[in-house]
Amino acid sequence: MRVDDDYLEAVLDLAQRIPPGRVMTYGTIAEFVGDQLVADGGRRRGGPRQVGQVLARAGGGVPWWRVVNAAGSPPASNLSRALTELQREQTPLVAAGLRVDLTAALWWPDSD
DNA sequence: ACATTGACTAATT
DNA sequence: TAATTAGCCAATG
């Protein structure tokens, strides 16, 4: 299988592993996926922007609203939709509910 | 091969 | 605390 497909799958899988009410940042995902690919002998991809690119393209079937930037804000393009989903999953929010409370909601694979 | 762009981040103002 | 700037990685034209 090709490396670019691996990257795509790795990002999507990780995104789908995020439990409801929790979130991950683009940067964290990029680091985890990068390490995973290196362990598999693939090329380093590192790059929060690449993660965003993949999620943007992923479309349906992926809980993209559980992935936010370092400030805790969901994508500006679908901000209202994301906030709706986040509220529905009882994700801790701050600043008038515009951003996610990262100190409380931030999650990563080992924190299961 | 060069320039532009994007669901980013960290540092600076 | 919010807005701006510079750095970053890969895809695209």
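As the structure is a prediction and not an experimental result, all values here were calculated from the model. Chain letters run A, B, ... following the sequence lines, proteins first and then strands; every chain starts at 1.
Going from atom CD of Gln53(A) over to atom C1' of dT12(C) covers 10 Å, rounded to whole Å. For Arg49(A) and dC8(C), the CZ to P distance is 12 Å, given to the nearest whole Å. Summarising the geometry, the separation between CG on Leu12(A) and C1' on dA7(B) is reported as 14 Å, rounded to the nearest angstrom. What separates OH of Tyr7(A) from C1' of dA11(C) is a distance of 12 Å, to the nearest Å. Regarding Ile29(A), its CD1 atom lies at a distance of 11 Å from the C1' atom of dA7(B), rounded to whole Å. Residue Tyr26(A) contributes atom OH, which lies 19 Å from atom C1' of dG7(C) at whole-angstrom precision. Here the C1' atom of nucleotide dC8(B) and the CH2 atom of Trp64(A) are 17 Å apart, to the nearest Å. The nearest whole Å value for the distance from the CG atom in Leu102(A) to the C1' atom in dT9(B) is 13 Å.
The shortest side-chain heavy-atom distance between Tyr7(A) and Val51(A) falls under the 4.5 Å cut-off.
Along DNA chain C, the nucleotide closest to Gly47(A) and the one closest to Arg57(A) are compared, and the more 5′ of them pairs with Gly47(A). Remark on DNA chain B: of its neighbouring residues Gln50(A) and Thr28(A), the 5'-side contact belongs to Gln50(A), judged by nearest-heavy-atom nucleotide. Nearest-nucleotide positions on DNA chain C place Arg99(A) closer to the 5' end than the other of Pro48(A) and Arg99(A).
Residue Glu85(A) holds its CD atom at 10.5 Å from CG of Asn78(A), rounded to the nearest 0.5 Å. Considering OG1 of Thr28(A) and CD1 of Ile18(A), their distance stands at 9.5 Å, rounded to 0.5 Å. A distance of 9.5 Å separates CZ in Arg99(A) from CG in Asn69(A), rounded to the nearest 0.5 Å.
Counting any heavy atom pair closer than 4.0 Å across all strands shown, Ala56(A) reaches a base atom.
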